[in-house]
**Q** 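Let me begin by handing over the structure; questions about it come next.
Quantities reported herein were computed from a predicted structural model and do not represent experimental measurements. Below, all heavy atoms of this structure are taken into account, side chains as well, without hydrogens, waters or symmetry copies.
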Amino acid sequence: MLDLGAIFPHDVGMILELHSPLDMHLHLRDGDMMKLVAPLSSASFAGAVIMPNLVPPVADAGAVQAYRQRVLDACGDDVFQPYMTAFFRSYSEKELSRLKELVFGIKLYPAGATTNSEGGVKAMKDAEATLSIMQEMDIPLLVHGESHGFVMDREAEFLDVYRDLATRFPRLTICMEHITTAAAVQLLDEFENLAATVTLQHLLITLDDVAGGMLRPHLFCKPIAKRPEDREALLQAALSGHPRLMFGSDSAPHPIHAKEACGCAAGVFTAPIALPRLAALFDEHRALDRLQGFVSGHACALYGLNPPARTVRLQRREMLVPDAYEGHGQKVVPMDAGCTIPWRLI
């Protein structure tokens, strides 16, 4: 892709085309919430890796097939490929053989680390037999990488687990989901079988934006936003086109009553603004030529994906982000609600 930002630095109506953009980490929930939010992703992405942490979790072939069909039904006529995942548990070779035909990968949650993860892994040694079979079958492992320590240290404490897994399972592709620290970026370069996703919010905010003044519940997520130097490391890795770093929104909708409440639910809803906001960010840093790789090319090369052929067009033209998205009895507040951003989908 040409560096259009450099060629037309003053063209406020500039058009940018992205080919088959992918969201490599997406929460669509289920039921009425999915009916509201799924079309907001399928409007701008050709496909997405769908997280399995429902209640009950999506953990077997039948559940994967049924959930995939509900996703497709919610997306209507949009050209959109749901890349399904299964919730990690102890699987037999026969079970994994069946799942391999249906899923993009298996998602491992440490028990209790995030929303609906109570049934996750309690001790990594209990996962070893399943991981060995996954390595032999070439099924990617996706990991929510946090310990149960002090909240700012949870990702850093988990990095040794990644090192151990990457060393003992060298042919297993391991994706460090939604990384938030400079240390995780450094670890990405230590092992060829490690990849990572990073969210929009972690490229933009720090913990100070969440809680430095009045608490902003719609910016609260897990892993929590970190320090300025962490944000800078993530941003530079994305802007430089690191080949094993991919966009994964971790867009996680919660009803407004669950966010603006005691016991605020963790999750930032970014799906409707993800591509325009990324275009603005990469444009600001004169790196629009790297955006295609970040939102599609790196993932396709790493995983051998062939997403539906689709061109998404954006324009350097202001967009007012709605205060909320409503429908099907649901109301969800997006990141940047009520703000004007400099790019929009067309």
Side-chain angles (χ1 to χ4, degrees), residues 23-27 49 51-53 57 85-89 104-128 130-131 134-135 139-170 172-203 207 220-227 230-231 233-234 237-238 242 244-252 266-268 298-299 302-303:
D23 182 343
M24 297 301 291
H25 184 123
L26 178 63
H27 296 272
V49 176
M51 294 297 107
N53 56 327
T85 61
F87 193 96
F88 192 100
R89 60 171 175 79
F104 166 81
I106 308 292
K107 177 66 183 288
L108 188 153
Y109 295 90
T114 190
T115 304
N116 299 337
S117 63
E118 289 74 18
V121 173
K122 292 183 173 63
M124 290 304 299
K125 62 180 179 60
D126 298 334
E128 292 178 1
T130 295
L131 293 175
M134 288 174 60
Q135 177 174 249
I139 300 174
L141 173 69
L142 318 178
V143 184
H144 181 113
E146 289 193 286
S147 72
H148 291 285
F150 179 68
V151 67
M152 290 290 285
D153 297 335
R154 290 174 184 175
E155 180 174 284
E157 291 175 350
F158 201 88
L159 296 184
D160 281 341
V161 177
Y162 283 131
R163 289 187 179 93
D164 181 61
L165 292 175
T167 299
R168 292 195 298 117
F169 300 96
L172 178 65
T173 299
I174 303 167
C175 187
M176 304 185 292
E177 297 284 7
H178 42 54
I179 61 172
T180 64
T181 60
V185 174
Q186 293 173 0
L187 184 61
L188 193 58
D189 291 323
E190 292 184 26
F191 297 92
E192 288 295 322
N193 59 329
L194 285 183
T197 61
V198 64
T199 73
L200 172 63
Q201 64 265 26
H202 291 118
L203 295 175
L207 182 58
F220 170 60
C221 61
K222 293 182 179 180
I224 198 165
K226 302 299 192 301
R227 301 179 64 83
D230 295 304
R231 177 186 59 186
L234 296 168
H242 194 296
R244 282 179 283 116
L245 185 67
M246 304 159 285
F247 175 64
S249 71
D250 195 19
S251 182
V268 179
H298 301 168
L302 179 66
Y303 294 112

**Q** So, taking the atom named CD1 in Ile139 and the one named OG1 in Thr173, what distance separates them when rounded to the nearest 0.5 Å?
**A**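 If I round to the nearest 0.5 Å, the distance is 11.5 Å.
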
**Q** How many angstroms lie between CG in Asp250 and CG in Leu200, if you round to the nearest 0.5 Å?
**A**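 Going from CG on Asp250 over to CG on Leu200, the span is 11.0 Å.
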
**Q** Would you check if the side chain of Ser117 reaches a backbone N or O of Gly112 as a donor-acceptor pair within less than 3.5 Å?
**A**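 Side chain of Ser117 to backbone of Gly112: a pair is present.
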
**Q** Could you grab the distance from atom NE2 of His25 to atom OG of Ser251, nearest 0.5 Å is fine?
**A**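 Going from NE2 on His25 over to OG on Ser251, the span is 9.5 Å.
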
**Q** Any chance you could measure His242, atom NE2, to Leu234, atom CG, to the nearest 0.5 Å?
**A**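 Going from the NE2 atom of His242 to the CG atom of Leu234 covers 11.5 Å.
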
**Q** Between His144 and His178, do the side chains contain an N or O donor and an N or O acceptor separated by less than 3.5 Å?
**A**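 Looking only at side-chain atoms, His178 and His144 do form a donor-acceptor pair, the distance falling under 3.5 Å.
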
**Q** Are Arg163 and Asp160 ion-paired here, with the side-chain N under 4.0 Å from a carboxylate O?
**A**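 Yes, this pair counts.
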
**Q** Measuring from Asp164:CG to Glu128:CD, what's the distance to the nearest 0.5 Å?
**A**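 Reported to 0.5 Å precision, the distance equals 7.5 Å.
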
**Q** Return the CZ to NE2 distance between Phe247 and His298, rounded to the nearest 0.5 Å.
**A**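 Output value for this atom pair is 14.0 Å.
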
**Q** Salt-bridged, Lys226 to Glu155, with N to O below 4.0 Å?
**A**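 Result for this pair is no, no salt bridge flagged.
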
**Q** Please name the pair of heavy atoms, one in Leu194 and one in Arg244, separated by the smallest distance, quoted to 0.1 Å.
**A**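 Taking every non-hydrogen atom into account, O-NH1, 2.6 Å.
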
**Q** I want to check something: taking the side chain as every heavy atom from C-beta on, are Leu142 and Phe88 in contact at a cut-off of under 4.5 Å?
**A**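 A side-chain contact under 4.5 Å is absent here.
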
**Q** Would you call the rings of Tyr303 and Phe104 parallel, tilted or perpendicular, taking 30° and 60° as the class edges?
**A**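 Answer is perpendicular, since the angle exceeds 60°.
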
**Q** Quick one: closest heavy-atom pair of Pro223 and Thr180, and the distance?
**A**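 Taking every non-hydrogen atom into account, CB-CG2, 3.7 Å.
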
**Q** Of all heavy-atom pairs between Phe87 and Gly119, which one has the smallest distance, and what is that distance?
**A**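 Looks like CE2-O, 3.4 Å.
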
